[in-house]
Structure formats: C-alpha cells, structure tokens
Amino acid sequence: MRIVCFALAQSLLSQMLMISWLFADGVNAAQVSQMVQDKCIDCHNAVDKNGGVDLGALLESENIQESILLWEKVETVIESGRMPPDSSEPLSDDQRRLFAGWFVEQFVLPGGIQHAGHVLPRRLTREELQNTLEDVLHLPIRSEVTNSRLHVIPDTLIEKFFPTGVIGESGFSNDAETLSRESLNLQKYARCFALLLSRLDTDSTAREKLFGTETIPLHLNDEEADAVLRDFGRSAFRRDLTELEFTTYKKLYARKNTTQFEAFKSSMLAILLSSPFLYRFEEPVDGQAPVSDQELAVRLAYFLWSAPPDLELVQLASVNQLQNEDVLIEQVDRMLRDPKRIALAENLGGEWFDYKKLRQKSSVDRRSDRMAGFYRTQYEESCLLFDSFLRYDQSLLRIVDADWIFLNRHQAGIYGTQFVEHDMQSELSLPPISIHFRTMKQKVSEGSYEYRHAPLTLARRQDPNRFGLITTGSTLSATSTENRTSPIRRGVWVMERVLGREFEVPEDVPDLEETQARVEKSNGKLEFNELLKMHSSQAGCSACHQYIDPVGFALETFDQYGLPRPDQFSTPEGGEKLTWDPRTISGNYTDRRWELEEALVAGARTKIFFNYTKGRHRLDIRNVRLKSLDLELVDEHFGFTGGARRDNVWEFTIPADAPEGGWTLIANVKGDGGNDSHGIITVIGDDAAAKEDTGSRLPRGKSFRSPAELKDVLLSDYRDQVIDHAIRRVLAYALGRKLLPIDRVAVDEIKSRIADDGYRFNALIKAVVLSYPFRNKEFN
Amino acid sequence: MTRFRIPRRSFLRGAGVCMALPTLEIMSGFAAERNPSGHAIPLRLGIFHKGNGIDPRAWQVEGTEDDFQLSQNLEPLSKVKQDIIVLSNVSNQPKGDHYGAMPLFMTGVQNRNPKHTFDQVIADQIGTSTAFKSFQLSAEPVDIRSTTLNSLAYDQQGRAKFVERNAQFAFDRLFRGLNDAGVRGELTSVLDAVLGPSRDLMKRASRTDKVVVSNYLDAVREVELAIENQEKVEKIGVRERVVSNEVVQLGSFPEKMKTMSDLVALAFWTDATRVASCIMALESSRRIHDFLELKADFHWSSHFDRNEDLARQFNTANTWYVDQFRLAIEKMKSLKEYDGSSVFDHSVLMFGSGLSHGGQHVGSNLPIVLAGGKSSGLNTGKFLDYPDQPPHANCLLTLIQHFGVDLEQYSNSTGPLDRIRKV
C-alpha cells in the first residue's frame, strides 16, 4: 500500500492529513478529498465528531474494509440530500456527480473491472451437514423424524448435536465469515459421526451402496477396497482425493487390526473429520477466474438444495458441460422440480422472513403441546407459502400481496377465517413439497385424544389485510412474545426484510419510562401508541421511527398469535350505550331507530359497535345510517353482533358543517333464526376530534390505516425497493457473504434480466446462478 | 456398609445404557482414594451468569464491610453468608445494550467482538493438564441474532468457545468420552490421518483462507491435548470417580438448571476441568417463569419502572436465580475430596449480570457476588463497596492474579481490587 503525504493549504484546523492509498490515483480523488475537506470536515473531524463521524480519520484510514462501510454511509447521506444539512449550503450537482463517480471508481468497479469478491471457505451449516451426511452415508437422518407419530417434530440426530446457526452479516446462517468465527468442536463431530457410522452395522441398504455388497463380514480384495475408499473420499470431498490424501487414509485403513468392516469405518471417520469435508474449499487463483465445473456444481447444489451435487451434476461437471448457459438453466429447472428444493423454503425463506425461529418456539420441551403444534403449523404455512412462489412461478412481489396461503380447517378455524380452496392456475407448476407432522387433535374415545396428520393445502385468502408474508401467522408470532405484540419489532421486520432498510440500534435511547414520567408530571395520560410517538419523535429517533412506527401500528390489528384482536368481541368502553328489546326483532330485515342523546362531533369520525351480550340468536345488520334533519350518512356492509374482525363496526365521518345534536341511528336488522338476541350498541366519537384520521404514513406515499392499505403503499411507492432487496437477499444467500459495493453491477444486471420476466422468483434464481459473482471466484 | 467400587471400564462398556448406580453419597463416602503423588487439590473457577440485569432497589446491599444485611434478591444466600463476597460499585461503563452485556461481564468492556475473556486467560494457565481446558454450559437455547448473546467465553483469537446446551451430551463429554482408552486410541489414529491433508491445504490456501484452516488445525490440536491430558491423569491414577447418569434431569427449566449446575460441580469433582461457566439466562431471555407463577416474560419485566407488578415479578425471578446459585454452592459443598474437604472449599465462584438496572441497561455498579470455600483464598463474608467506581476489569484482573497468572493489566483494568483476596 502506498501512502501519499498530502499537505493541505486550507483547513480551518490546519491539520497535516496523511491521505491513504484511496486517493493515490486520479484527479477525481484529489477533487473529492478537497470537497470533503471544504464541505464536511468542519463538523465531522476528530474534535467535533458530529453524529459520531470523523471524516478526517476516514481520509487517513488504511483499513480498507472498515472504510468501505463508512464511505457507503457517506454516499447514502449525500445521495439522499440529508447532508450537507439544511443549515449549510447544499452540494452542487457537479459535486454530487463527482462524488458518485469517484465512489464507483473506488468501490464498485475497482480497476475498472467487475469483481466477484472473495468468500472464505464455507463451513457446512447444520442443515447442509445433515443433507450431506445423508447423501454420503446413504443413511436416513431427516425422514426418521418427519414420519414420527408425535405431533411435534423432534430434533434429528444432527439437530441434537449441533445448535441452530447464528445469523451472519449476510442475513443468513450460511455466512462464511460468521461460520469461521465460531470455534470448531471436533470431538463433538467425532462422536456424532461415530454414532452415525455405527448405524451401518444394521443398515443393509447403506452397506450395499457403500461397499457394493450388504453382507458382513466383508471380504473385498485390495482393488475393491481401494475403490471403496476412493469413491467414498470423492463423494465426501466433492472431488477426487489427492494421492497424499488417499495414501494417508489407506494407511489408517491398513493399520486396523480388526475386521475389514471396522477398518473401513475408521477411515471413513477420518475422511468425515477432515477439513475438505467440513468446509467447501475452492482452488485459489491469482486475482479472479471462473470457478471450475466441479466448483460450480458444488455452489449450485448447496444453493438450491443445501446438499452436495448429485450424480447428474457431477457427471456434467466431469465432462465440462456445466458452464454452458443452456445446460445451467436446464439444471436449475431440474433441481427445482426435485423435492430437495425444500431447503430454499426452510433456509433461504426461513431466515429471510424469520419463520425458522418458530421451529425453536415449537421445540419439544415446551410445556404446552397445543402451543407447540400451533407454532409448528405456522412454520409450515410460511414454508409452503414461500415454496409456492417457486412452485407456481410467481412474481417476487407476491411476498407482499399473495392472495393464497396453506391451511387446514383446524388452523383456519383458529384464525377465525373460512377455509376456501384456491385453484392456482399457472403455466409452470412444480410438484408439491410435503412436510409431515401432526396438526389436528381428534377425539379417539371418551377423554382420549390423538393428534392426527392434517396436511395443509392451498387456500384462498379473502381478506386483503391478510395477503402476503407480512401478515402470515409466523411473522406476527415471530415478532411477539407470548404476552404481547411489539409494534416496533413488526415495523423493523417489514423494514429490514421487505424493504431492506437496515437499522442500527441507537446508543442513547431515552427511557420509555422517562417519557411516561414526564407526561404524568404534567397530568397527562397517554395511550401506549401516543407514548411511543412522543418517545420516538425526539430528533435523531425519528430518522428510523418515521418508518418503523407507522408500519408497526398498522399491524397492531393482529395479536401475538396472529389472530385478529378480540377487541371487537367485547363491548368497548365509553361512548353512548343503546339497546333493544329482542322481542321486537323479527326474522325479516326491518329498520329500527334509536334517538341519540349525545352530540356527535362535527368533522370527526364516529364508530358504532354492535355487541352480543346473551341469547340464542345474534342480530344481523345489513346497514347503519345516521340521520339529522336532512343529512343522512350511510355505512353499508353486512355484520352481526359480536362478530369477527371488523364486521360489527360501522364507521362514519361526520361532515364539518353537520349539526351537533338531534341525531337518529337507524339500522336495518333482523334476528338470525329467532328473536332471542340481546346486545348493546355503542356510539363512540373519535377523541382526536376535529382532526381527520389521516392514519399513518411512511415518508413516501399515501397514508394508510390498515395492513391492506400498507401493502398498497409498499407496492406502489416502494416497489423498487422491494425488488432490489429481494435480489440482494437471494444473491447474499447464494454467495454466502454480505453484499459489497462491487456487487451492485451484478444486482443491476439481475434486475434488468428478470424485469423482462415479470420479476418472477424462478427467473431470479436463474439470474443469480448465471451472475458474475456466482460463476467466478476471486482471491487476494 | 458395603463398599461399592465399580471399575470404570465395565461401567463405560455399558455406555449408552443408563445404569442405576449407588447414590453419590455412598460413592463419596469411601475413603482410601489413591493419591500416591500427593497431588494438590487444584483451585477452580466457576462462573454463573444471568442476563437482563436487576432492580437496584431489590439488589443493592447496605451496611459496612462486616456488618451488612442481605437484600431481597440475595436473601437465599443467607445460609452461606460467610462464604460470599457482595461487590458494590464495580464497573463504570455507560449505558449499553443486551448485545454488549455478556462481553462486559467477561472482559470489562461492552464489545461486540470480544477477545480473550478472563476465564480463558485463567484457563490458558491452569487448564493445560485437564481433559477440558474449560467447559461451557448453557441452560438456554441459541438466540440466532448474535454470537455475543450465546457465549460467555472467547479465546485469544476472538473465537466463541463451544457451549454445550444438551445436558446428556455434556454429561457424556465430561464423564464418558475420553475416559475409555479404546476411544482415545481410535480418535488418535483418526486425527493423525486428518492432519496431513489439512496441512497440505494450509500450504496452498490464500492469505485470508489460512485463518480458516488454522482454526481447524487448532480444533484438532485441542482434541489431541485433551487425549494427552486424560492419559497423563490415568497414569498418575488420581481419581476414579464415577458419576451416575441420574444427574441428567430433563423436563422443566428448574430441573435443567439444576442439572447444569450439578454438572459444573461434578466436572470439578472429577477434575475433568477447572474452569467452567454456565449461562442461566440469556441477555435476550424472554422466558416466562411459570413455575414461579409469573406471567410477564423476563425481558418485559426487566422494564420494571413501568409498574409495581412488573417489578414484583422481576424481583421474584431474580431471587430465584440467586437461589439456584445457592444450590450450586451447596452441591459443591456436598462433594468431598480425598482429605475430607469439599469441592467448594477449593473453588472460586462468580455470579452476576452484565447489566445492573435491567430496564435502563446501566453498565455500572454491576450486580456481582463472589463465593469461595475455606481454601479458596477469598476474603469471604464481606460486603465490599468501591466508591471510586473502578472498572469491572479490575475485579477480573484480581481473579486472574488470584489464579496465579502473571499479569499486571487486563482489558481496561487500572489495577486489582483490594480486600477481595485474603492476605
């Protein structure tokens, strides 16, 4: 690294700044450095570190990795216009272009060429390890639990030995860097593999596949024994053994003073404990080069299946056919037809949308079997939903507004929805995936219940508030504890996982309690929502909370289990209460009238609730009107007393010029099957009176009140971000590292490629496989 | 009373089968343990960490060094008051968050990438002759959001030390694994075979990749060392202590917790390790302590400023964890060494949290209780207040030096704390 000393003439602080290698080349660099010093250093220097940023140190920094992150932040604030702040003179268009150009030169296309980026050797994740062992040893590990009679899936042997992976900076647990930072407990691997190998004692199919014969004791001759070792080594290392390797394992095998079978097991144990098995190594090159066919096969298989390449991939690679674009696309199609594609739903989808977390929530040592089964069902709903994007060749925008889900009647009942089948028509339709487990409790005899397998099938969503992944049960559960929801966590979930906005946890969070105390001191009392608004409206907080809060509040209509809030079931407090004599209700729709005593606030909203108190029948309501003099307001929808979701509420906006008093409530009602319906009508005016309920709004786009409206805003005003983020997620998962500025080229290419294809998921996967960073490797 | 003496080999041959053995009391009752080399009983370090902090009103102790009242949270320790040291005003870190709390507890600073936690500094010194240099346990599952939520111990390279969450596996590793010479032999030859190709890889690896391969080689070396140590121990023939699998209780959380702390005690007793840590509650724990009839999840109740009922729930839960610490102490007292002293007599224990006021994430005046038996060298039975708010690393340095490590400075320490060690 060359360090160029650059003496400054004009700095208010008259510092001698040592400019690092970044600025060693090009006129641009000198101009940018000058610009930073003119426009930024006054506030962002070692003494006045506004916002914690010292750009002087950045200009001097020699640590390239760290400086990329900070320069990205500088780029973001310049591009968004947030810096220079309003109090300063803004940058001219020329200056912004200058910075952008320099940034591209330095970080996006260093040296003027595209970069594939370097990935550390990737240790096999827990899921990859399980699938790899199944293939290499021909032993069933996963299926032995999925067909169990228990209503909650117990952990497999591998899952017992190895804990859930921690999410890395890429957003996934297959992040090479995070994996390399955890220390390796080889003794644990040894014990686990030894246990697995001992299963060969009883599994004749496996022995047949490994040794060519199932009978033990084995009596293979030297040549056959060598072949067994080489084949096993090749399968385990995903490449041929080197001569050194072969000799070493052969020596171990030969040294054993026991049966041939035991000797094989010993050398197999050694092979499985070796680093070429546990890690995915790629042959180093100088600079950049395309990956070899064999390496491409490995990347492809672990991307789509979290498993090693199968025979067909291996054969194509061995004749150097895999790099052919047509062949690659054909292979992707084939691999997505294979049930092993479930790995994408479990690992890519599961960690992207956090529903993998529900596997832990439903683990076997929970105290309530019912809850465990409930969470496990939610996990499967989302797993199958994600898989259906691939299966039915859907656009990735369906993440937000898919109008289908996977349910069974039991689960639909819990959510309070009707089970209606969906018949998805699609040109491309891949075979289904099935995950077996017990979901439905069935009575087998008096007092005795059994959980039965009730597969989830494709159902139609009828309420737009429920469309898409944001409002699936798993999302709503994953962002809550058992006692309560968290609007903040839901807001952050949407921001991070749908829009790709990253948030840093703030350092100096003022306490919610302090805010509350302050409010109470001034004799106020705020609802939780308003408290949060005040707490978050402090400068510095709003930067993030202007995104988080509106979203979180819109999703508050669902409780911590993903069920609609039971508020509507119980009679609201306050307001004017009216009732009716059930004997006067007939079985045919007729208008009933009530004179309101209390005034309705002009310019505000009024809600009218019909709640059930007792009786064998409910009251059906077809429409509700409010009348005063010649002004009549109507809200027409079907509902009934009590009711689910919002269909027992009728809403009106009282015009600003309306009279305050003399209102009559008219409802078109009938008794449902009889006239034994008792209930209460509540008329409540909006306390935030005289203020239009504008709902919440994100920085861009219309305001929204309900989850359905939020999704509309996301798809209309934030559509680009949803698409960009989906591409980045899938690419990061495929590469096993977080994305850097060098990957922007690939992301752009992928985006334009899939735009022609309706932004469909399958097209996205193919585009990622064909992308430059996926097909090339880089070493420094 | 018949003396039971079950040869280790035959016990282990039944490995995989849960053999009912005579209770531990009988086992420890028999005298005449072989100790031909006059092997001194080593000093051990046990760490018990509980996340989410405390309510200072329920934790803070008042009084003088010798004359003090135990607070509500510390009430369960009243029977062992003479064996503990309550610290006060240790640590001067600002407000932090849950991600930095464990690193604060173990290194003295809130750092998302901690290196060389104090227990590892000690383990590097005293752990070289035991089967396990150190052993890490956790009663809690993994939180996928960050490594610093899941591990207390980090080695010199900043790698999180392996944490065992499965009680049965922990038992097997501690008391069955390398005790069998056959297993050791097998592993040794396997590992020999494993090294050659990896070294070859190392030569060809690029600069950044060498780190990964060397991590792997370190891991291999770790197992080899464990095997070597076990063979040394067997040669000297010090302890033939057999531990019953009945100690592994699964099911409810209290049972799991008891199992984990029992395993620490037994690991010390069999000298499988001399440095052990146990995570009792994650920093991100949202556990609902229903067995205490509490309804709020742990984290929610840590924001106890909101209302008195939350505070009550928070304090009840915290007091329970302190009680678990008492159980660990009593377990160690019940396990006898060959000279009649107890495991606890030769142990230094530390219980506490990386946060004080849980709701406000305060990083100063950390809630810490030390405990030590007669031969631990600690100045127990005291309430030690340090009004000048020294860095927590000072406390850690004190312990480091106590275990004989020749270090003048650790992390951001300014010197050891006085009055903790018996002069």
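Basis for what follows: all heavy atoms, side chains included, without hydrogens, waters or symmetry-related copies. Order of the sequence lines fixes the chain letters, A, B, ..., with proteins taken first and strands second; residue numbering starts at 1 for each chain. If you're wondering where the values come from, they're calculated on a predicted model, not measured in any experiment.
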Contact class of [X] relative to chain A, heavy atoms under 4.5 angstrom:
| X | answer |
| --- | --- |
| B:Ser151 | neither |
| B:Val211 | neither |
| B:Asn113 | side chain |
| B:Asp218 | neither |
| B:Phe291 | neither |
| B:Asp200 | side chain |

From [X] atom [atom1] to [Y] atom [atom2], the distance as rounded to the nearest 0.5 Å:
| X | Y | atom1 | atom2 | answer |
| --- | --- | --- | --- | --- |
| B:Leu201 | A:Glu245 | CG | CD | 7.0 Å |
| A:Asn185 | B:Glu164 | CG | CD | 7.5 Å |
| B:Glu186 | A:Lys265 | CD | NZ | 9.5 Å |
| B:Ile227 | A:Gln187 | CD1 | CD | 7.5 Å |
| A:Phe281 | B:Ser198 | CZ | OG | 7.5 Å |

Test side chain to side chain contact (heavy atoms under 4.5 Å, CB included) applied to A:Leu186 and B:Tyr216, step by step: CA-CA 9 Å; A:Leu186 220 55; B:Tyr216 172 79; 4.2 Å; yes
Whether A:Phe161 and B:Phe169 hold their rings parallel, tilted or perpendicular, with breakpoints at 30° and 60°: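 Plane angle under 30°, so parallel.
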Top residue by heavy-atom pair count (under 4.5 Å) with chain A, among [options]?
| options | value |
| --- | --- |
| B:His361, B:Gln157, B:Arg159, B:Glu222 | B:Arg159 |
| B:Arg207, B:Arg145, B:Arg204 | B:Arg204 |
| B:Asp143, B:Leu195, B:Val223 | B:Val223 |

Exercise: identify the closest heavy-atom pair between A:Leu120 and B:Asp209: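 Of all heavy-atom pairs spanning A:Leu120 and B:Asp209, the closest is CD2-OD1, 3.7 Å.
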Check against side chain to side chain contact (heavy atoms under 4.5 Å, CB included), B:Phe162 and A:Leu184: CA-CA 7 Å; B:Phe162 189 79; A:Leu184 196 59; over 6 Å; no
B:Leu149 and A:Val166, any side-chain heavy atoms less than 4.5 Å apart: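 Sidechains of B:Leu149 and A:Val166: no contact.
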Sidechain-backbone polar pair: B:Asn215 side chain, A:Ser180 backbone, donor-acceptor under 3.5 Å: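 Judged by distance alone, yes, a pair lies under 3.5 Å.
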Max heavy-atom pair count under 4.5 Å with chain B, selected residue of A:Lys251, A:Arg123, A:Lys356, A:Glu283: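 Between A:Lys251, A:Arg123, A:Lys356, A:Glu283, the count favours A:Glu283.
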Greatest number of heavy atom pairs closer than 4.5 Å to chain B - which of A:Ala270, A:Ser173, A:Pro163, A:Pro121: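 When all of A:Ala270, A:Ser173, A:Pro163, A:Pro121 are compared, A:Pro121 has the most.
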Residue A:Ile167 versus chain B: region with a heavy atom under 4.5 Å: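 Both parts, heavy atoms under 4.5 Å.
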Over 12 non-hydrogen atoms of neighbours within 6.0 angstrom of CG in A:Asp286: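 Counting neighbours around CG of A:Asp286, 12 or fewer heavy atoms of other residues, nucleotides or ligands fall under 6.0 Å, so no.
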